[in-house]
Amino acid sequence: MTGQPIRSQIQKSKVLARREIAPGLVVLKFENEFVAQNVLPGQFVNVLPKIGFTDPLLRRPFSVYNADGNSAEIIIQDHGRGTNILAKTQVGEYLDVLGPLGKPWRYSSDFQTAILLIGGVGVASMPLLASQLREDSIPFAIYYGARNSSLFADEYLNNIEYSTDDGSKGFYGSVIENLRIALAAEKFPQPKLFVCGPTCMMRAAITLANEFNIPCEISLETEMACGIGICQGCPIETSKSEAEKSGRKFHLVCTHGPSFEKEAIVL
């Protein structure tokens, strides 16, 4: 990935826009020039639900969905108390935003074609990656799966191969099976998978990558209370080879990730 992560900042960030893009999915656009100008594809921000709130106390991590000028966007899936408060945030209110955080997506393997493999709200980190690949003139394809056609958050992506569990859009079945057909047909020269989605889907993606002997990088979604490695609350077990190389039995998702090469961790 072009560029290196820089030191993060905490900023009071005004909400500029709010829109619902799918059932239970809300995009918040907030003013934060530092994040917008410095975020790299795959990095995230850690957000307190609202300025002055102490309950819930802990921040929530969100991949940066889009960045432009002096503003950035995050996708919120309303599925808990903290995310429910965030999802109801209105234009003109303020968020407490820490970021950008984490390591960006890596270009650490030799490949000719990037395949962005998305499950559900794993889409959040993909628009910036697609934009970077386009800027770097690297060919890419997008495979996106969801339970049904109403759950796609695809406003910043195009030329997508869709898959739905109920057959309501695109391939009838899992996104993994859809991609397996393309890989078996050798549709893409020297591919690498960039994967984000539910854990079971990412495990299946690793199995698929091993089946076709291709590189694969996954971006993990987990709770991160601090986002900077202090609380030690987001460990992921390292593989035997990674443990020998790094001297660590565990990595922290917030500081060593959230993206990892498939060989580095035990998912």
Side-chain angles (χ1 to χ4, degrees), residues 1-19 25-106 121-122 124-129 131-132 196 219-236 251-260:
M1 179 58 61
T2 302
Q4 294 296 322
I6 66 166
R7 187 179 296 274
S8 60
Q9 290 186 3
I10 297 177
Q11 289 194 356
K12 180 181 177 182
S13 302
K14 184 178 182 179
V15 175
L16 303 175
R18 178 191 183 276
R19 64 186 186 276
L25 294 181
V26 172
V27 173
L28 292 182
K29 181 178 183 178
F30 57 91
E31 188 175 28
N32 192 312
E33 185 176 2
F34 185 81
V35 168
Q37 294 296 319
N38 293 290
V39 68
L40 297 173
Q43 289 190 291
F44 66 97
V45 291
N46 229 15
V47 182
L48 278 175
K50 288 187 182 181
I51 292 290
F53 268 44
T54 57
D55 181 23
L57 179 64
L58 301 179
R59 295 175 181 272
R60 268 59 175 176
F62 299 94
S63 294
V64 177
Y65 180 51
N66 190 40
D68 182 28
N70 68 345
S71 64
E73 293 181 342
I74 55 176
I75 294 182
I76 299 161
Q77 184 178 30
D78 184 358
H79 63 78
R81 185 162 175 269
T83 52
N84 177 262
I85 293 170
L86 271 167
K88 292 178 179 177
T89 302
Q90 299 300 310
V91 172
E93 294 185 307
Y94 286 84
L95 304 174
D96 186 313
V97 178
L98 170 62
L101 298 166
K103 298 289 196 302
W105 291 104
R106 299 166 175 85
V121 292
S125 67
M126 296 300 186
L128 290 185
L129 176 59
S131 178
Q132 185 70 61
C196 191
S219 182
L220 300 182
E221 298 177 326
T222 187
E223 294 181 358
M224 305 177 199
C226 73
I228 55 176
I230 294 176
C231 72
Q232 304 283 301
C234 56
I236 182 73
H251 281 325
L252 296 178
V253 175
C254 66
T255 54
H256 297 102
S259 64
F260 296 91

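The figures here come from the full heavy-atom set of this structure, side chains too, leaving out hydrogens, waters and symmetry mates. Since the model is a prediction, treat every value here as computed from it, not as a measurement.
The line from OG of S219 to CG of L129 is 10.0 Å long, rounded to the nearest 0.5 Å. Of the inter-residue distances, the one linking L86 atom CG with I76 atom CD1 reads 4.5 Å to the nearest 0.5 angstrom. Atom OG of residue S13 and atom CG of residue D96 lie 8.0 Å apart, to the nearest 0.5 angstrom. From Q43, atom CD reaches atom CG of L128 across 9.5 Å, with rounding to the nearest 0.5 Å. Taking NE2 of H251 as the start and NZ of K103 as the end, the distance is 9.5 Å to the nearest 0.5 Å. Atom CZ of F62 and atom CG of L28 lie 8.5 Å apart (nearest 0.5 Å).
Residues that satisfy the side-chain hydrogen bond (donor to acceptor under 3.5 Å, both in side chains) test with S259, not counting sequence neighbours, are R106, E217. For I228, the side chain to side chain contact (heavy atoms under 4.5 Å, CB included) test picks out L98, L101, C226, I230, with sequence neighbours left out. Residues satisfying the salt bridge (Lys or Arg N to Asp or Glu O under 4.0 Å) test with E73, not counting sequence neighbours, are R19. Looking at residues two or more places apart in sequence or on another chain, you find no side-chain hydrogen bond (donor to acceptor under 3.5 Å, both in side chains) involving R60. Scored by the side chain to side chain contact (heavy atoms under 4.5 Å, CB included) test, T222 finds M224, C234, V253 as partners (sequence neighbours excluded). Partners of F30 by ring pair (Phe, Tyr, Trp, His ring centres under 6.0 Å), not counting sequence neighbours: none found. When the side-chain hydrogen bond (donor to acceptor under 3.5 Å, both in side chains) test is applied to N84, the partners found at least two apart in sequence or on another chain are D78, K88. For A36, the side chain to side chain contact (heavy atoms under 4.5 Å, CB included) partners two or more places apart in sequence, or in a different chain, are A67. Qualifying side chain to side chain contact (heavy atoms under 4.5 Å, CB included) partners for E33, counting only residues two or more places apart in sequence or in other chains: Q37, N70. Applying the salt bridge (Lys or Arg N to Asp or Glu O under 4.0 Å) criterion to R18, with sequence neighbours excluded, gives E20.
Taking both residues in full, the closest heavy atoms of P235 and G233 are given as CD-C, 3.3 Å, listed atom of the first, atom of the second, then distance. In this structure, W105 and S125 approach most closely via the heavy-atom pair CZ2-OG, 3.4 Å. G92 and K14 make their closest contact through CA-CE, 4.0 Å (heavy atoms, listed as atom of the first residue, atom of the second, distance). Contact record, G229 with C254: N-SG, 3.3 Å, taken as the closest heavy-atom pair.
Side-chain contact between C196 and E221 is present, with at least one heavy-atom pair separated by less than 4.5 Å. Between F44 and V64 there is no side-chain heavy-atom pair separated by less than 4.5 Å. The closest side-chain heavy-atom distance from L95 to T89 is below 4.5 Å.
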For this session: Applying side-chain contact (heavy atoms from CB on, under 4.5 Å), run through R59 and L48 and close with a yes or a no.
Result: CA-CA 5 Å; R59 295 175 181 272; L48 278 175; 3.7 Å; yes
For this session: Check the pair I236, L220 against side-chain contact (heavy atoms from CB on, under 4.5 Å), reporting the backbone distance first and the verdict last.
Result: CA-CA 9 Å; I236 182 73; L220 300 182; 4.0 Å; yes
Problem set entry | Candidate pair V45 and V35, rule side-chain contact (heavy atoms from CB on, under 4.5 Å), full reasoning | CA-CA 8 Å; V45 291; V35 168; 4.0 Å; yes
Exercise. For V15 and Q90, what are the C-alpha separation, side-chain angles and deciding distance, and is it a side-chain contact (heavy atoms from CB on, under 4.5 Å)?
Worked result: CA-CA 7 Å; V15 175; Q90 299 300 310; over 6 Å; no
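Remark: the backbone N or O of P127 is not paired with any side-chain donor or acceptor of S131 at under 3.5 angstrom.
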